[in-house]
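For reference, the structure discussed in these notes is given below.
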Amino acid sequence: MTAAEDVGDLVDEMRRAFPEWAIVETGGRWYASPGPLNGEQLPAGTLRADSPAALYVLLEKRRR
């Protein structure tokens, strides 16, 4: 399995585990938004991380 496949699998897992969050990667940064993303401005409460694994950890902390 390649690194890209690993990332894709993790993103798919995050989307299933946290369906209320919009999850995207742009410019090497990962974002999870509690609302829709319009591409112009990040909504309040948006989480930011340097990797999908770090974003997953942040989402897990929010769940508790």
- Task: Determine whether R48 and L42 make a side-chain contact, defined as any pair of heavy atoms from C-beta on separated by less than 4.5 Å.
- Result: yes
- Query: Under a single-linkage definition using a 4.5 Å side-chain heavy-atom cutoff for Ile, Leu, Val, Met, Phe, Trp and Tyr, are V11 and V57 assigned to the same hydrophobic cluster?
  - Reply: no
- Query: How would you list, by chain and number, every residue that makes a ring pair (Phe, Tyr, Trp, His ring centres under 6.0 Å) with F18, sequence neighbours excluded?
  - Reply: Y56
- Query: What closest approach, in Å, do M14 and L59 show between heavy atoms, and which atom pair accounts for it?
  - Reply: SD-CD1, 4.0 Å
- Task: State, to 0.1 Å, how close A49 and L55 come at their nearest heavy-atom pair, and which atoms those are.
- Result: CB-N, 3.5 Å
- Query: Can you check whether W21 reaches R62 side chain to side chain, under 4.5 Å on heavy atoms?
  - Reply: yes
- Might you point out which heavy atoms bring P43 and S33 nearest each other, and give the distance in Å? CG-OG, 3.2 Å
- Please tell me if the side chains of R16 and D12 come closer than 4.5 Å, counting only heavy atoms from C-beta onward. yes
List the atom pairs, donor and acceptor, that lie under 3.5 Å between side-chain atoms in residues 23-30 and the rest of the protein, sequence neighbours left out.
{"residue": "E25", "atom": "OE2", "partner": "G28", "partner atom": "N", "Å": "2.8"}
{"residue": "R29", "atom": "NH1", "partner": "D50", "partner atom": "OD1", "Å": "2.4"}

